[in-house]
Amino acid sequence: MSFKDRVISIVCKIPSGHVTTYGTVATLAGLSRGARLVGGILHFNIDDVPWHRVVNRHGFISTKCLEHPKLAQKALLEQEGIEVTSDFMVNLRKYGWFG
DNA sequence: CGAATGACCAAGC
DNA sequence: GGCTTGGCCATTC
């Protein structure tokens, strides 16, 4: 069991229709200051976790990946009932999940 | 095992 | 008020 596994576990527990932030995931995983690690971990496990439910502090999709994954994420979020603006931003105040 | 890396955050100019 | 800098710490090669 490692921080990585905890992060993955937590991300998988995010209820459908909700999103959370890197900082929140890091805190729930035990490292309130490990937001960066969460990003890196999700990067290495992009195929194993619903990373589309994790956004940065501003509610923006922070991936530096190609635009295609972003569109996929936007579609997935909307599919779950989450409003995503054309700027790939979600309303954390409304859809934010903090455990 | 050591050095580099990173999809963040908050404070400082 | 927007941009730049520094710190954080596990994972990876």
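FYI, side chains are in, hydrogens and waters are out, and symmetry mates aren't considered; it's all heavy atoms of this structure. In what follows, chains are A, B, ... by sequence order, proteins preceding strands, each numbered from 1. Fair warning: this is a prediction, and the values are worked out from it, not measured in the lab.
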Could you list the donor-acceptor pairs under 3.5 angstrom formed by side chains in residues 88-99 of chain A, with sequence neighbours left out?
| residue | atom | partner | partner atom | Å |
| --- | --- | --- | --- | --- |
| A:N91 | OD1 | A:R93 | N | 3.1 |
| A:N91 | OD1 | A:K94 | N | 3.2 |
| A:K94 | NZ | A:E83 | OE2 | 3.4 |
| A:Y95 | OH | A:E83 | OE2 | 3.3 |

* Asked: Say you draw a straight line from CH2 of A:W51 to CG of A:L42; how long is it, rounded to the nearest 0.5 Å?
  -> 9.5 Å
* Is any side-chain heavy atom of A:P50 closer than 4.5 Å to a side-chain heavy atom of A:I14? -> no
* By side chain to side chain donor-acceptor pair (under 3.5 Å) - contacts of A:D5 (at least two apart) -> A:S2
* To do: Would you kindly give the CZ-to-P distance between A:F60 and B:dC9, to the nearest whole Å?
  => 12 Å
* Structure fact -> Regarding the side chain of A:R57, the nearest nucleotide among B:dA7, B:dA10, B:dG6 is B:dA10
* Measure from NE2 on A:H43 to C1' on C:dT12 and round the result to the nearest Å. => 11 Å
* **Test side chain to side chain contact (heavy atoms under 4.5 Å, CB included) applied to A:R36 - qualifying residues, sequence neighbours left out** => none
* Asked: In whole angstroms, how far is the C1' atom of B:dG6 from the CG atom of A:N45?
  -> 14 Å
* **Sugar-phosphate only, base, or nothing, as touched by A:G40 at under 4.0 Å among non-hydrogen atoms** => nothing
Any protein N or O atoms within reach of nucleotides 11-13 of chain B? Criterion: under 3.5 Å, listing atom names and distances.
none

* Asked: Judged by atom type as modelled, is there a donor-acceptor pair below 3.5 Å linking the side chain of A:N45 to the main-chain atoms of A:V49?
  -> no
* Check each residue of residues 1-14 of chain A for a non-hydrogen atom within less than 4.0 Å of any atom in DNA chain C, then write out the ones that pass by number, or none. => A:S2, A:F3, A:K4
* Excluding sequence neighbours, so at least two apart, what forms side chain to side chain contact (heavy atoms under 4.5 Å, CB included) with A:A35? -> A:Y22
* Return each pair, listed once, that meets salt bridge (Lys or Arg N to Asp or Glu O under 4.0 Å) where at least one residue sits in residues 47-61 of chain A; pairs must be two or more places apart or across chains. => A:R53-A:E80
* To do: May I have the distance from A:R53 (atom CZ) to B:dA7 (atom C1'), rounded to whole angstrom?
  => 18 Å
* Residues that A:K13 engages under side chain to side chain donor-acceptor pair (under 3.5 Å), provided they are two or more places apart -> none
* Structure fact -> To the nearest 0.5 Å, atom CZ of A:F3 lies from atom CD1 of A:I41 at 5.0 Å
* **Nucleotide B:dA7, atom P - distance to CG of A:D48 in whole Å** => 18 Å
* Asked: How many Å lie between CZ on A:F44 and P on B:dT5, as a whole number?
  -> 12 Å
* Structure fact -> Heavy-atom nearest nucleotide on DNA chain C taken for A:I41 and for A:R33; more 5' hit belongs to A:R33
* Asked: Considering residues at least two apart in sequence or located in another chain, which fulfil the side chain to side chain donor-acceptor pair (under 3.5 Å) criterion with A:T21?
  -> A:T24
* Protein-to-nucleotide contact annotation, 5' to 3' order, nucleotides 2-7 of chain C [B base; S sugar-phosphate only; - none; under 4.0 Å, heavy atom] -> -----B
* Structure fact -> Between A:H58 and A:L37, whichever has its closest DNA chain B nucleotide further toward 5' is A:L37
